[in-house]
K.L.:
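Below is a structure I'd like to ask you about.
Any value given below was found using the heavy atoms of this structure, including those in side chains, with hydrogens, waters and symmetry copies removed. We count ligands from 1, going down the list as the structure has it; atoms in each ligand are counted the same way.
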Amino acid sequence: MLVRKRRRHGPCRRQALLALLVLGCVLLMLGALHPPPHALPRAPPVPQAAVRSPQAAYRLDFGDPQEWLLESEEEDQEYGPLPPLVSLREDQLLVAVASLRAGRNRSRGGRGGGYRLIQRPHKQQDAEAPERDWAAEEEDGEDEAASEEGERTALSREEAPSARSPAHRGGSRHPLCLQQPPPTDSLPTASVVLCFHDEAWSTLLRTVHSILDTAPRAFLKEIVLVDDLSQQGQLKMALSEHVARLEGVKLLRSNRRLGASRARMLGAARATGDVLVFMDTHCECQPGWLEPLLARIAGDRSRVVSPVLDVIDWKTLQYYPSEDQQRGVLDWKLDFHWEPLPERERRALTSPVSPIRSPVVPGGVVAMDRHYFQNTGAYDPLLSLQGGENLELSLKTWLCGGSVEILPCSRVGHLYRNEDAHSQREREATLQNKVRIAETWLGSFKETFYRHSPEALSLSKAGKPDCMERQQLQRRLGCRTFHWFLANVYPELYPLERRPRFSGKLHNTGLGFCADCAAEGAAPGCAVVLAPCSDAQQQQNGMIVHILSGKCMEAVVQENNKDLYLRECDGKASQLWRFDNVSTVDER
Ligand code: UDP
Ligand code: MN
């Protein structure tokens, strides 16, 4: 891994820069002899590590402040493993050049405080960048035109009347969030890692500025931008210049396409905050979004937490607040969905804004303790491009001793792309990632996945992925099986065909009637009715609870009517049942 000076300057410009540098040194020496009335900011001393390091497999050089080009020496295939960055000491890898802006005027007012008002780069700077590739943007699916037209100069919605919405004036949080704010005296600090590949300029910048505008400076250690080999011209020079004017924002550029999870890992390896927040680069943070995440992680370092994600329409950029009590789930195609919290879980909450146990976190924004993330194997380094990294992280967390939550008092808007907007290559990568996840984490339940996704089955037949690293990790961390996840975290997903089956008589012990199956001929399935029982045995009685509604099966016998109902569980005689003549059919 090399760290080199950025090469955006041609050879002539480089010579000119060198000459300027020499001239600068001479002036500095003269300046030391005869200090001018207003001293210029000085270049910082070179850190020791930078001088000692030529024997290493990377070279150190000075980059512009805040920005580094990270060059891989590897010639392997495009998605080969990332060099072990995590094992390198920070000071061996990067040379931090102290900000030359330290002494500059800081005039930005506004909510966040401490930041200068950022203008869009001048037309002249834009002109240096090659023509924008509109076709590529369309393929990305984001309506850049809507984003640009509506808010040509505004990088925050507050300044863009066209995009204002009630959600932004009052915030979309439940009023209880304001009444019970998390204590802010001892919160950990956060590094927000934003990786991007050819993201639209305005959505990328709005993400950065909404973080700067909403995250209290005391808790925001830094924003780490990771350019995952973008091709769009504006994301090169214009972005470098824009970022150079922001404090606390680093920009890393990879010379290889890493894909979202490895680009996030690259940013994480250089983050210094206590907590990592991974965020997509088309988000808008609501006031107060960060503190609940930090407070919850401070309470238990093995929690992986996400805000509620509000919906930003990809065409109109309209902002739609989501419901408070939702959880993230997966289906048997390993796709992610939001679903309203089931009644049973809702009743267990102490308040409408209590943290919500969630089988899966969404992909857009997720936070966790930095050391917890690194010590539990980060992301699977062989996941390609994008898709599935949220599922991998969630399963690993649940199965290897942590927990996953959505926090209703934290809200971030996420621009959901139209499914059709994903390119063929992205869809293939997502499918490939799902196969990896199934082979790594699902155990024998991967067969259920393959039954629901024939295209994944054929992909897996074409070649099994190499999951050695993850399997070793599972052994090292002592992770549980997917059966445990299904039984304890998301029972609703338990495949019907693998649930233990009972055959026998279901006896209502209070009323002496039996739930019977009115089967006609050999047709599968039957209507369940209440009928007299022929004999009785002594077994344990119990209630039969319908998982989704949390209600109990009750036998109701009136003059002209006998039937089965689902009613609130209260343990009365008509809700007590036992299985008679049980035989278990387990097809595992
Ligand atoms: N991304 C990246 N490299 C890639 C693909 C995606 O850095 O090869 C970034 C992308 O710019 C975004 C994040 O990863 O910030 C997640 O991707 P995306 O939002 O497209 O996923 P989605 O939300 O559609 O699942
Ligand atoms: Mn996204």
Side-chain angles (χ1 to χ4, degrees), residues 70 78-80 82 136-144 147 192-208 210-211 223-232 234-235 239 251-268 276-285 306-307 309-314 317 322 328 330 333-338 360-366 379-394 412-434 437:
L70 304 175
E78 202 177 356
Y79 301 114
L82 189 69
E137 281 164 13
E138 265 167 30
E139 189 186 62
D140 263 4
E142 285 155 19
D143 196 335
E144 173 75 346
S147 189
V192 183
V193 176
L194 306 171
C195 72
F196 61 95
H197 174 81
D198 283 339
E199 189 73 51
W201 167 269
S202 55
T203 44
L204 171 66
L205 269 288
R206 205 183 294 109
T207 307
V208 172
S210 86
I211 297 166
I223 294 177
V224 183
L225 279 162
V226 184
D227 176 7
D228 188 14
L229 199 64
S230 297
Q231 304 295 319
Q232 284 178 31
Q234 201 176 19
L235 297 177
L239 182 65
L251 174 57
L252 311 176
R253 298 204 190 258
S254 170
N255 73 333
R256 294 169 70 209
R257 178 87 179 266
L258 295 172
S261 20
R262 287 194 295 155
R264 283 177 169 190
M265 281 154 75
L266 190 70
L276 293 169
V277 182
F278 295 122
M279 189 181 287
D280 282 3
T281 42
H282 32 255
C283 288
E284 291 177 38
C285 302
S306 275
L309 293 191
D310 293 329
V311 176
I312 303 173
D313 185 293
W314 72 285
L317 296 185
S322 306
L330 69 153
K333 288 189 160 182
L334 301 190
D335 281 324
F336 173 87
H337 304 277
W338 288 99
V360 189
V361 277
V365 188
V366 64
Y379 283 114
D380 178 349
L382 295 183
L383 288 174
S384 61
L385 284 189
Q386 68 186 66
E389 66 280 347
N390 57 322
L391 180 57
E392 208 263 339
L393 179 69
S394 307
V412 173
H414 174 257
L415 190 141
Y416 285 91
R417 285 202 286 171
N418 186 338
E419 259 311 302
D420 304 340
H422 287 96
S423 67
Q424 176 67 13
R425 189 170 168 219
E426 287 172 337
R427 277 197 290 272
E428 276 168 20
T430 302
L431 190 67
Q432 201 179 316
N433 289 347
K434 287 176 175 179
I437 293 168

K.L.:
Check whether any N, O or S atom of His282 sits under 2.8 Å from the Mn ion (ligand 2).
P.N.:
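Here the distance criterion (N, O or S atom, under 2.8 Å) is met by His282, so yes.
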K.L.:
Using a strict cut-off of less than 4.0 Å between a Lys/Arg side-chain nitrogen and an Asp/Glu carboxylate oxygen, indicate whether Asp228 and Arg262 qualify as a salt bridge.
P.N.:
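Arg262 and Asp228: not salt-bridged.
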K.L.:
Determine, using heavy atoms of Met279 and all atoms of ligand 1, whether some pair is separated by less than 4.0 Å.
P.N.:
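Outside the 4.0 Å threshold, so no.
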K.L.:
Which bit of His197 gets closer than 4.0 Å to ligand 1, counting heavy atoms only: side chain, backbone, both or neither?
P.N.:
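Both the backbone and the side chain of His197 come within reach of ligand 1.
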K.L.:
Any side-chain to backbone donor/acceptor pair from Asn433 onto Leu383? Under 3.5 Å, distance only.
P.N.:
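Not confirmed, Asn433 side chain does not pair with Leu383 backbone.
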K.L.:
Counting heavy atoms only, which of His282, His414, Glu199 comes nearest to atom 19 (O) of ligand 1?
P.N.:
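It is His282 whose heavy atom sits nearest to atom 19 (O) of ligand 1.
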K.L.:
Any luck finding a side-chain donor-acceptor pair between Gln432 and Glu428 under 3.5 Å?
P.N.:
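Note: Gln432 and Glu428 side chains miss the donor-acceptor criterion.
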K.L.:
Can Arg264 be said to touch ligand 1, with heavy atoms closer than 4.0 Å?
P.N.:
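The answer is no, since Arg264 has no heavy atom less than 4.0 Å from ligand 1.
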K.L.:
Got Leu239 and Phe196 here, is their nearest side-chain heavy-atom distance under 4.5 Å?
P.N.:
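Result yes, sub-4.5 Å side-chain heavy-atom pair found.
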K.L.:
Using only heavy-atom distances, determine whether the side chains of Ser261 and Glu389 contain a donor-acceptor pair under 3.5 Å.
P.N.:
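No, because no side-chain N or O of Ser261 sits under 3.5 Å from a partner of the opposite role on Glu389.
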K.L.:
About how large, to 10 degrees, is the angle OD2 of Asp280, then the Mn ion (ligand 2), then NE2 of His414?
P.N.:
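About 90°, to the nearest ten degrees.
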K.L.:
Out of Asp227, Asp280, Leu385, indicate the one that has the non-hydrogen atom closest to atom 22 (P) of ligand 1.
P.N.:
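It is Asp280 whose heavy atom sits nearest to atom 22 (P) of ligand 1.
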K.L.:
Between atom CZ of Phe278 and atom CG of Leu393, what is the distance when rounded to the nearest 0.5 Å?
P.N.:
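It is 8.0 Å, given to the nearest 0.5 Å.
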K.L.:
Counting only heavy atoms, tell me which of Asp228, Thr207, Thr203, Leu194 gets closest to atom 4 (C) of ligand 1.
P.N.:
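Residue with the shortest heavy-atom distance to the ligand atom: Asp228.
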K.L.:
First locate atom CZ of Arg417, then atom NE2 of His422, and finally report the distance between them rounded to the nearest 0.5 Å.
P.N.:
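One gets 3.5 Å once the value is rounded to the nearest 0.5 Å.
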K.L.:
Do the side chain of Asp227 and the main chain of Leu251 share a donor and acceptor less than 3.5 angstrom apart?
P.N.:
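A pair under 3.5 Å: no.
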K.L.:
Under 4.0 Å from a heavy atom of Arg417: give me the atoms of ligand 1 that qualify, with their elements.
P.N.:
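Ligand 1 atoms under the 4.0 Å threshold to Arg417: 20 (O), 24 (O).
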K.L.:
Relative to ligand 1, is Thr281 under 4.0 angstrom through side chain, backbone, both or neither, heavy atoms considered?
P.N.:
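It is both backbone and side chain that touch ligand 1.
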K.L.:
Can you find a non-hydrogen atom of His422 under 4.0 Å from ligand 1?
P.N.:
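So His422 counts as touching ligand 1.
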K.L.:
So, does Glu392 use its side chain to make a donor-acceptor pair with the main chain of Ile437 at under 3.5 Å?
P.N.:
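No, Glu392 side chain to Ile437 backbone: no donor-acceptor pair under 3.5 Å.
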K.L.:
Work out whether the distance between some heavy atom of Gly363 and some atom of ligand 1 is less than 4.0 Å.
P.N.:
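No, Gly363 has no heavy atom closer than 4.0 Å to ligand 1.
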K.L.:
Using a 4.0 Å cut-off to any heavy atom of Gln386, which atoms of ligand 1 qualify?
P.N.:
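Answer, ordered by atom number: 5 (C), 6 (C), 18 (P), 20 (O), 21 (O).
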